[in-house]
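One structure is given here, and the rest of the page talks about it.
Letters A, B, ... mirror the listed sequences (proteins, then strands); counts begin at 1.
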Amino acid sequence: MTSPTSEPLYPFSEIEPKWQAYWESQKIFQVDLGDVRPKYYCLVMFPYPSAALHVGHGRNYILGDAVARYKLMRGFNVLSPMGFDAFGLPAENAALKTNIHPKVSTLANIERMKHQLSQWGIGYDWSREVVSCLADYYKWTQWIFLKLYEKGLAYKKQGTVNWCSSCQTVLANEQVVDGRCERCDTAVTTRELDQWYFKITAYGERLLEDMKLLEHWPERVKTMQENWIGKSTGVEIEFPVEGENYKLACYTTRVDTIFGVTYLVLAPEHPKVAELCAEIHDSATRAAIEAFVRKVRAEDRIERTAEGTAKEGVFTGRYATHPMNGEKIPIWIANYVLPEYGTGCVMAVPTHDERDFLFAKKYRLPMRMVIDSPKGHLEESRMKEAFEEEGVMINSGAFSGLSSREAWTKIAEFMERNKIGKRTVNFRLRDWLISRQRYWGAPIPIVYCKTCGAVPVPEKELPVVLPENVQFKPTGISPLKDNPEFENTKCPQCGLPAKREVDTMDTFVDSSWYYLRYISPRDNVRAFDTLAVNQWLPVDQYIGGVEHAILHLLYSRFINKVLFDQKYVGFPEPFARLFTQGMIIKDGAKMSKSKGNVVSPDALIKKFGADTVRLYTLFIGPPEKDAEWSERGVEGAYRFLGRLWRFVTQAHDWKITGAGTVNTRELKRMTHEIIKKVTEDLEGDFHFNTAVSSIMELVNACYQFEIKTDEDKKIILEAAQSVVLLSAPFVPHIAEELWSRLGRTGSIFRESWPQYSKEAVRKEEIEIVIQILGKVRSRLTVPAAISESELRARVLDDAKVKECTDGKPIKKLIVVPGKLVNIVV
RNA sequence: GCGGAAGUGGCGGAACUGGCAGACGCACUAGAUUCAGGGUCUAGCGGUCGCAAGGCCGUGGGGGUUCGACUCCCCCCUUCCGCACCA
């Protein structure tokens, strides 16, 4: 353990504040949007302003900063902005305990975070800071709402919604994780409420389709979005109801099993349930059905939709007609059919659907096999589970004998010709519920007028300012309801007294467009400047946590597409490249205050300096993977920086006196080799961990060098300069300091990234591995330019080869140029 | 169940397009330093047999392709993540 009283390995505590102040005074990160250099928009997901950052949060900012600094040195005009996703529940909940207004605590947290970020040496263009809870920002969030409203993409409807009893507000589907509130982990219940939605379902197809454009997004994120959107292709089939003049529509993806339908099932919420039951004259049966419907509707949504939940149902006493064979099909109501997916009515095929199988077994409903397994015929009476695979059609009229796959299309076509059904597409994606019954959010810009109805607040009257003097105790009704000054207004259309919408918007609306605002953050006539935005976006590199794979990233893509359709932006996707970094784990768990495993950066920075924390964070492992934080590892990084410091200062004074095991030519070659390696690591998927290890190798090699000639001085200086330049994006403070100690003036971030010379990288002599039957038996050092025939001769002449082959005939000699020779005997 | 990612020393992890497995770091061992500690430097560090030279085994398991497999193919096991009664 490094003792706190020991001398520092290098004067980090002096140089770090010095260079941080220098960067600020030199405006290194302030961007002139009109600069001639090619643009590079490097964006780190803006954080919620929490009280204190830990090293896990740090990884995010350090990665982004390393990318930004690297691109700066590559000659790009780099935009690296930062802001705060400042509305939201935590501040409001804290306020209930501390009595400090959310605005006050949020702004204080922002200041503290900014201080921490600057201590880390993270460079941003702070002149572009956006704070989503300030009126000059949320004014435009409200404007976005109006843009959706104009196109019918924001609407209000009564429906079953997720309710968190602890947060006292509704939640979007995306915010319910395993049946629990994403924020507070309380089990989510349901309520019937009249709420505002964004019609994201209208964009389901395009959100899916345009994933083709997201070449540089992680596969897992794309897969998660794909699953969430949940597109399925099937057929909607109409079943005439006996004794009625209407039909029940069923959605199925397995139209090939149509001849196996032995009953229909309605969701208890299906609109036709009441109508069907009204015709039932037996009052006891009717009462039983009504009781069942009431019971299921009252059930907890989450429990009801869990897979293991027992299937229950009642027979309605009514029948439908099978559209293909005219059979009489009983109509049931059951808990396992969901009202919101498909048509809320399912054609049941017990033989080929496991859920229908279980239900049919329980209620002794008939089954009919219509697809034979390729492995042999199955008897309905002996089946233990449904056969859900493909096979050969049987008992299916004219379609018998076809493969089920073939029959699928033929039956669908037949149905379309005969107007029985039509092919349709279904999505699992639901509309985005954006109303929240809490205080700390952007008010929804709608006014309710007795004569005009719901009227959008005109753009000119934005922002609808969130009043500050509000009792925001959560009651399940928006606290703004208790503020007559806010609620009472005049109808923008007729001027008569009217009431404002009192709900606020989901904070994910705030964060779904902030990346546009950074381009013209102080513009008070429009949300963003289309021309400038089209120049600067899509974002070249977006960096953030994978926890936003669905929520924020799907919402942003959606909002961007809405703006694209209205020609406010000229690009269909907002983020060209996405990088999702892994979590930092401590003692096997994610860092959190409640677990008490939080590693605070403040003490570490004090003890080892920010560069050490940065270096270790980058070196800890592949940035996209989770990694376990280790204090020992931090010390290793610190020791390396000490070694780097000593090396560069000694190299400058020509004091390198290593054992001389690395010669002049070799050191030059290594220098260029490592410039190449580090550059490739950064150009690829941010392999910072291997980039750092390469730099370590070069420093190690330099310590093996001995300066004897003037040429040696030149070479060691080149190595030293290269090491400093290459490490600058990772450890900017020490790099600046060493750069200046090497006699250079000005910021190292105004320097160009080093270029390697192909000439210097080339080896004159190479070591060839000699394998016999794939096993390494010998090595041979030969000139790099050696001809193959010459190499063969040298190999066969090798003493070790002669010994191992021992007169055995050589069957084959495989030569991999520049690498190895394998001898087959 | 479906989908995704992964499995390499005591640990974190390297390994280009099939070509020397274990780079770099941590931990550890021994030694050096007028050496309390820390720091620094030198050497060692997958397993196993051997005094050594060297041999054999080794990238979750089992098969296969190949002159050659951590890498490609087939089967299986395990872990993590996402979705999940979506018809």
Side-chain angles (χ1 to χ4, degrees), chain A residues 1-9 177-178 218-228 230-232 234 250-254 257 265 304-311 334-338 340-349 352-356 358-359 388 426-429 546-547 549-550 615-616 619-622 624-637 639-640 642-643 646 658-659 677 680 684 687 689-697 699-700 703 767-777 779 811-814 816 818-825:
Chain A
M1 265 296 233
T2 312
S3 156
T5 55
S6 60
E7 280 295 300
L9 299 180
V177 178
D178 289 331
E219 216 43 60
R220 62 173 167 164
V221 173
K222 287 194 275 187
T223 309
M224 279 163 73
Q225 291 212 358
E226 216 174 293
N227 292 343
W228 189 262
K231 180 181 175 174
S232 82
C250 295
Y251 172 76
T252 182
T253 54
R254 290 296 307 273
T257 64
V265 211
R304 174 169 158 200
T305 54
E307 200 178 355
T309 305
K311 287 161 186 51
N335 61 349
Y336 73 97
V337 178
L338 307 173
E340 68 274 9
Y341 186 78
T343 61
C345 174
V346 173
M347 61 172 228
V349 185
H352 303 293
D353 181 283
E354 189 58 24
R355 295 153 300 180
D356 299 341
L358 292 171
F359 192 80
E388 296 183 329
N426 253 296
F427 292 93
R428 183 155 41 213
L429 183 68
V546 75
E547 66 273 18
I550 294 174
L615 185 71
Y616 176 63
F619 187 58
I620 194 167
E624 69 280 6
K625 281 202 189 158
D626 291 354
E628 170 82 27
W629 186 267
S630 131
E631 180 90 10
R632 297 284 195 178
V634 178
E635 288 168 32
R639 283 201 293 267
F640 172 74
R643 202 169 149 79
R646 271 176 277 124
K677 172 80 165 78
E680 284 168 358
H687 299 138
N689 54 331
T690 50
V692 170
S693 73
S694 302
I695 295 171
M696 288 172 169
E697 273 183 89
V699 172
N700 289 347
Y703 272 103
E767 195 185 58
I768 296 286
V769 171
I770 302 174
Q771 294 183 333
I772 292 165
L773 286 170
K775 289 201 166 133
V776 183
R777 296 293 160 173
R779 289 153 200 282
K811 268 206 226 148
K812 222 173 174 182
L813 195 78
I814 292 133
V816 182
K819 283 201 177 120
L820 61 75
V821 173
N822 192 9
I823 301 166
V824 188
V825 290

Please classify the nucleic acid contact of [X] as base, sugar-phosphate, or nothing, using heavy-atom distances under 4.0 Å.
X         : value
Glu354(A) : nothing
Asn689(A) : sugar-phosphate
Ile814(A) : base
Pro622(A) : sugar-phosphate
Glu628(A) : nothing
Val824(A) : sugar-phosphate

[X] [atom1] to [N] [atom2]: how many Å, rounded?
X         : N      : atom1 : atom2 : value
Met347(A) : C86(B) : CE    : C1'   : 15 Å
Lys231(A) : C86(B) : NZ    : C1'   : 16 Å
Phe427(A) : C83(B) : CZ    : C1'   : 17 Å
Trp228(A) : C86(B) : CH2   : C1'   : 12 Å
Ile620(A) : G13(B) : CD1   : C1'   : 11 Å
Glu340(A) : C85(B) : CD    : P     : 10 Å
Leu813(A) : G68(B) : CG    : P     : 15 Å
Ile550(A) : G82(B) : CD1   : P     : 9 Å

Could you pull out the closest heavy-atom pair between [X] and [Y], with the gap in Å?
X         : Y         : result
Tyr251(A) : Gly342(A) : CB-CA, 4.1 Å
Gln225(A) : Ala549(A) : NE2-O, 2.9 Å
Glu628(A) : Ile620(A) : O-CD1, 3.4 Å
Asn227(A) : Arg428(A) : O-NH2, 2.9 Å
Leu9(A)   : Gly642(A) : CB-CA, 3.9 Å

From C-beta outward on [X], which listed nucleotide comes closest to its side chain: [options]?
X         : options                : result
Asn822(A) : C20(B), C67(B), U40(B) : C67(B)
Asn335(A) : U40(B), C85(B), C83(B) : C85(B)
Thr690(A) : C85(B), A14(B), A87(B) : A14(B)
Ser693(A) : C24(B), U40(B), C20(B) : C24(B)
Leu9(A)   : A87(B), G39(B), A84(B) : G39(B)

Nearest-angstrom distance, [atom1] atom, [N] to [M]:
N      : M      : atom1 : answer
G58(B) : G9(B)  : C1'   : 10 Å
G19(B) : U66(B) : C1'   : 12 Å
G61(B) : C77(B) : C1'   : 7 Å
C28(B) : C35(B) : P     : 22 Å
G44(B) : A36(B) : C1'   : 27 Å
A27(B) : G39(B) : P     : 9 Å
U71(B) : G82(B) : P     : 29 Å
G13(B) : C24(B) : C1'   : 9 Å

Just do the side-chain hydrogen bond (donor to acceptor under 3.5 Å, both in side chains) check on Arg643(A) and Asn700(A) with the steps written out, would you? CA-CA 9 Å; Arg643(A) 202 169 149 79; Asn700(A) 289 347; 2.8 Å; yes
Atom pair [atom1]/[atom2] of [X] and [Y] - distance to nearest 0.5 Å:
X         : Y         : atom1 : atom2 : value
Met696(A) : Leu615(A) : CE    : CG    : 5.5 Å
His352(A) : Thr257(A) : NE2   : OG1   : 7.0 Å
Leu820(A) : Ile770(A) : CG    : CD1   : 10.0 Å
Tyr616(A) : Glu631(A) : OH    : CD    : 9.5 Å

List the protein contact pattern of [range] with one symbol per nucleotide (5' to 3'): B for base contact, S for sugar-phosphate-only contact, - for none; contact means a heavy-atom distance under 4.0 Å.
range                        : result
nucleotides 25-30 of chain B : SSS---
nucleotides 52-57 of chain B : ---SSS
nucleotides 2-7 of chain B   : -SS---

Is G9(B) in the syn or the anti form, by the rule that syn lies within 90° of 0?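 Syn for G9(B); the angle stays within 90° of 0.
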Using the closest heavy atom to pick a nucleotide of RNA chain B for each, name whichever of Val769(A) or Val337(A) lands nearer the 5' end.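 Here Val769(A) is the residue nearer the 5' end.
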Could you pick out which residue, Val692(A) or Tyr251(A), lies toward the 5' side of RNA chain B when each is mapped onto its nearest nucleotide? Val692(A)
Short side-chain to backbone donor-acceptor contact, Asn426(A) and Thr343(A), under 3.5 Å: no
Just wondering, do [Y] and [X] contact through their side chains at under 4.5 Å, heavy atoms?
X         : Y         : value
Tyr336(A) : Thr309(A) : no
Gln771(A) : Ile814(A) : no
Phe640(A) : Ile695(A) : yes

Please determine, for [N], whether a Watson-Crick or G-U wobble partner exists with both distances under 3.5 Å, and give it or none.
N      : answer
A21(B) : none
C16(B) : none
G9(B)  : none
C86(B) : none
G3(B)  : C81(B)
G44(B) : C28(B)

Taking 4.0 Å as the cut-off, does a side-chain nitrogen or oxygen of Tyr336(A) come that near to OP1 or OP2 on A87(B)?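 So the side-chain polar atoms of Tyr336(A) never come under 4.0 Å of the phosphate oxygens OP1 or OP2 of A87(B).
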Check the pair Arg254(A) / Val349(A) against side chain to side chain contact (heavy atoms under 4.5 Å, CB included), numbers first and verdict last. CA-CA 9 Å; Arg254(A) 290 296 307 273; Val349(A) 185; over 6 Å; no
